[in-house]
2 protein chains.
Amino acid sequence: MGNPTGGLSERKKLILKAVVEAHIEGGEPVGSKSIVQSNLLSCSSATIRNEMAELEQLGYLEQPHTSAGRVPSELGYRFYVDSLVEQYANTTRDIARINQLLRSKMSELDQILETASKLASSLTNYTGIAIKPKISSVTMAKIELVSIDSFNFAMVMITSGGTVKTKKVKTPMPYEADALTQLSEILNLQICGLGADMITLPIIMQLENDMADNAFLVNPAIKAVYEVMNELDGGELRYSGLNRLLDYPEYADTQHLSSLLGTLEDQDEILELVSDPLRDDINVLIGSESPVKVMNNSAIVFKPIKKNGRTVGVIGVIGPRRMDYKKVLKTIDEIGVSISDIIDGERALKQGEDNGGEDDGGNE
Amino acid sequence: MGNPTGGLSERKKLILKAVVEAHIEGGEPVGSKSIVQSNLLSCSSATIRNEMAELEQLGYLEQPHTSAGRVPSELGYRFYVDSLVEQYANTTRDIARINQLLRSKMSELDQILETASKLASSLTNYTGIAIKPKISSVTMAKIELVSIDSFNFAMVMITSGGTVKTKKVKTPMPYEADALTQLSEILNLQICGLGADMITLPIIMQLENDMADNAFLVNPAIKAVYEVMNELDGGELRYSGLNRLLDYPEYADTQHLSSLLGTLEDQDEILELVSDPLRDDINVLIGSESPVKVMNNSAIVFKPIKKNGRTVGVIGVIGPRRMDYKKVLKTIDEIGVSISDIIDGERALKQGEDNGGEDDGGNE
DNA sequence: TTTAGCACTTGACTCTAAAGAGTGCTAAAA
DNA sequence: TTTTAGCACTCTTTAGAGTCAAGTGCTAAA
């Protein structure tokens with residue numbers, strides 16, 4: 001009815017917020033009376049009832065059955081989360097504690113991510129997710145190039161594991177038939193056997209140098225190789241605190257829980273979901289916002305971990321749709337920042353190691 | 001009373017077997033009548049009742065409540081499993097199928113074990129376990145030796161990851177102070193940077209040679225190094241088909257399921273359980289036979305996978321105490337044999353590879 | 001030693017009634 | 001015009017009573 005922000009009156013927002021938080025807290029439908037008791041508003045239960053009826057019509061609330069209280073709809077949660085974003089972003093971070101815990105787990109990114117996931121799980125009481133990169137296990141065994149037209153060719157890549165993958169490559173300018181042969185030779189010679197983490201700028205420059213006039217083919221080709229490696233590599237998905245799911249009546253239904261567990265285990269689906277983040281920062285998928293259909297009653301919050309601009313892992317949590325978003329957003333963000341700090345610090349250390357050899361006996 | 005094998009009359013054995021199998025099948029207490037109907041015995045329900053009462057007194061059966069049928073006790077299952085061993089061992093193995101499936105997953109032991117676990121889970125409909133070795137990730141960065149007395153010294157080992165571990169080492173004969181210094185030097189020079197899989201007999205012999213008169217110190221020291229590496233390495237525990245637990249009413253209790261899931265996730269406890277196999281071959285732990293107390297209502301069947309006499313992995317399944325042991329024992333055994341075949345085949349290949357370099361482009 | 005028969009126990013299930021929570025609506029109050 | 005009090009109505013949850021069926025233990029006969 002013609003209101004400034006979000007089309008909802010301030011009072012409606014307050015009521016919505018109260019319903020969401022009460023429901024997150026208790027898990028049960030929220031009645032008008034209990035909202036009055038929370039003393040956030042100074043009006044009677046009847047007024048609240050009227051407002052709630054309107055909020056329901058607007059799609060922010062739902063009613064399990066006629067004589068029950070209201071439950072937030074997906075839209076309701078979404079509104080809540082969106083209006084929350086500024087709030088949590090401004091929270092003073094007590095990273096120190098998290099930082100310390102993670103740091104104590106030392107260098108290995110693997111371990112840090114796994115610990116972070118456990119930490120996220122125990123701090124929020126939902127199930128933690130960690131995706132650890134699994135670099136360097138996949139290498140190319142053979143690369144075949146097939147010309148499509150003068151602007152496109154297909155790359156057929158056979159990995160060390162025997163998997164065959166094809167990628168279509170578009171070139172920035174037309175190429176000669178010879179160029180493909182040349183590229184193929186050079187790729188097979190230089191790239192095969194290298195893991196994703198070994199294909200660095202110097203190597204790419206070397207390739208471009210070797211290709212001379214046809215250097216323009218190198219970049220798109222390498223990109224394709226890189227993509228395939230990352231696809232196959234996939235990374236490894238780990239959960240912690242799966243049992244915490246059982247703390248929520250949402251998962252009391254055996255059928256539902258079973259199919260959720262099954263889906264979580266089948267890493268591919270979740271990996272895909274989490275590997276293509278809409279935003280670079282924290283992502284919140286509520287219910288059917290997630291493409292995975294068994295997660296329609298769940299929510300997932302995750303954040304990619306970056307190192308030198310490249311995503312090297314993901315941490316997050318999975319829980320019921322009525323997740324304590326405030327707490328979760330804050331926690332995941334803090335942990336994410338903490339990890340970034342640590343691996344940035346580590347980077348410097350690693351480089352020193354690479355040059356200077358193996359003397360890290362500093363702590364004796 | 002006073003019978004040849006196992007102290008049970010043939011008829012009691014038959015009845016016990018019938019009860020166990022009926023209970024495995026249906027999950028519910030088994031009454032005397034249903035046993036008569038199975039036509040395995042030619043006597044009346046009253047006789048069965050009498051026998052069952054005796055079997056209960058002997059501890060092989062239990063009664064949930066007065067007017068219910070009987071359920072096998074732990075001892076009952078144990079008897080059943082033990083008397084089963086010969087049976088399943090003689091089963092003609094249709095390894096071929098399993099073999100093929102596993103082989104199609106190619107070389108990596110990791111993948112084979114993971115696939116095997118999935119296979120075990122889907123064939124038996126229980127939760128599959130796989131322990132993958134995680135060799136070579138841990139190496140020693142620095143080793144310090146501290147003399148305790150002339151028969152004992154402490155080894156302080158700092159790993160590449162920065163973890164510090166101490167082991168007390170007892171020597172077979174007294175040593176001189178110089179010997180420790182010498183040993184320390186040699187260890188730091190020769191062992192540091194090597195993964196567990198790199199410390200082979202030739203290297204140990206080399207060490208002993210270098211130590212000359214004090215060669216007797218090498219063996220216990222290396223053993224300590226090895227132990228620490230394996231501790232830290234740990235191996236990685238993976239489950240597949242966790243959701244299958246939910247197929248069994250035994251895990252309908254949320255509390256119970258939750259604590260089981262929690263325990264399974266805390267890898268250490270299960271790793272310890274499974275890494276110290278009583279028998280080299282298939283192990284069956286029924287209920288409280290397992291030292292892990294939340295598994296008192298569960299059973300675990302597992303088999304170590306050996307390569308050159310060294311355990312390189314474990315596969316198995318976890319399920320309710322009324323597990324279909326016949327099927328599980330057979331399946332796990334078959335899969336185990338199959339994996340052994342494959343990795344023995346792979347060994348030859350690997351060796352060739354190590355010598356000849358990196359040309360595995362055989363599959364083009 | 002086995003079997004038939006019977007009384008008894010006990011959990012599972014069904015049905016009903018009552019309780020409780022919460023709503024929507026109406027009419028009065030602000 | 002908005003808010004509030006009051007009330008009838010709806011729907012779920014809970015408790016209790018009664019019935020049912022399964023299965024036992026025991027006794028007496030075969």
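Convention: sequence-line order gives letters A, B, ...; per-chain numbering from 1. Heavy-atom basis, side chains included; hydrogens, waters and symmetry copies ignored. Predicted model only: the values in this text are computed from it and were never measured.
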Between [X] and [Y], do the side chains contain an N or O donor and an N or O acceptor separated by less than 3.5 Å?
{"X": "A/E74", "Y": "A/S288", "value": "yes"}
{"X": "A/Y80", "Y": "A/E21", "value": "yes"}
{"X": "A/S32", "Y": "A/R49", "value": "yes"}
{"X": "A/T254", "Y": "B/Y251", "value": "no"}

Paired with D/dA29: which nucleotide, if any, by Watson-Crick or G-U wobble criteria at under 3.5 Å for both distances?
->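 For D/dA29, the partner nucleotide comes out as C/dT2, under the 3.5 Å rule.
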Is there a Watson-Crick or G-U wobble partner for D/dC11 with both distances under 3.5 Å, and if so, which one is it?
->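 When the pairing criteria are applied, C/dG20 turns out to be the nucleotide that pairs with D/dC11.
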Whole-Å distance between [N] [atom2] and [X] [atom1]?
{"X": "A/E28", "N": "D/dT12", "atom1": "CD", "atom2": "P", "answer": "15 Å"}
{"X": "A/H23", "N": "C/dG22", "atom1": "NE2", "atom2": "P", "answer": "14 Å"}
{"X": "B/E54", "N": "D/dT24", "atom1": "CD", "atom2": "P", "answer": "15 Å"}
{"X": "A/N50", "N": "C/dG24", "atom1": "CG", "atom2": "P", "answer": "8 Å"}
{"X": "A/I15", "N": "C/dT23", "atom1": "CD1", "atom2": "P", "answer": "12 Å"}
{"X": "B/K33", "N": "C/dT3", "atom1": "NZ", "atom2": "P", "answer": "15 Å"}
{"X": "B/Q57", "N": "D/dT24", "atom1": "CD", "atom2": "P", "answer": "15 Å"}
{"X": "B/L55", "N": "D/dG25", "atom1": "CG", "atom2": "P", "answer": "12 Å"}

Closest to side chain of B/A46, choosing from D/dG25, C/dA4, D/dA5 |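 Between D/dG25, C/dA4, D/dA5, the one nearest the side chain of B/A46 would be C/dA4.
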Looking at the side chain of B/S44, which of C/dG24, D/dT4, C/dT3 is the nearest nucleotide?
->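 Nearest nucleotide to the side chain: C/dT3.
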May I ask you to decide if A/G59's main-chain N or O and A/S73's side chain share a donor-acceptor pair within less than 3.5 Å?
->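 Yes; judged by distance alone, with no hydrogens or angles, the pair exists.
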side-chain N/O A/T47 vs D/dT3 OP1/OP2, d < 4.0 Å |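 For D/dT3, OP1/OP2 do not have a side-chain N/O of A/T47 under 4.0 Å.
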Please check the phosphate of C/dA21 (OP1 and OP2 only) for any side-chain N or O of A/R49 closer than 4.0 Å.
->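 Looking at the OP1 and OP2 atoms of C/dA21, neither is under 4.0 Å from any side-chain N or O of A/R49.
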Non-hydrogen atoms of A/E62 and A/P64 that approach each other most closely |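 It is O-CD, 3.9 Å.
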Just call it for A/S32: base, sugar-phosphate, or nothing, with non-hydrogen atoms closer than 4.0 Å on any strand.
->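 Sugar-phosphate contact only.
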Where do A/K12 and A/E54 land on the salt bridge (charged side-chain N to carboxylate O under 4.0 Å, His left out) test, with the steps shown first?
-> CA-CA 9 Å; A/K12 280 204 180 60; A/E54 284 182 43; 3.0 Å; yes
Looking at DNA chain C, which of residues 62-76 of chain B put a heavy atom within less than 4.0 Å of it?
->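 Heavy-atom contacts with DNA chain C come from B/H65, B/T66, B/S67.
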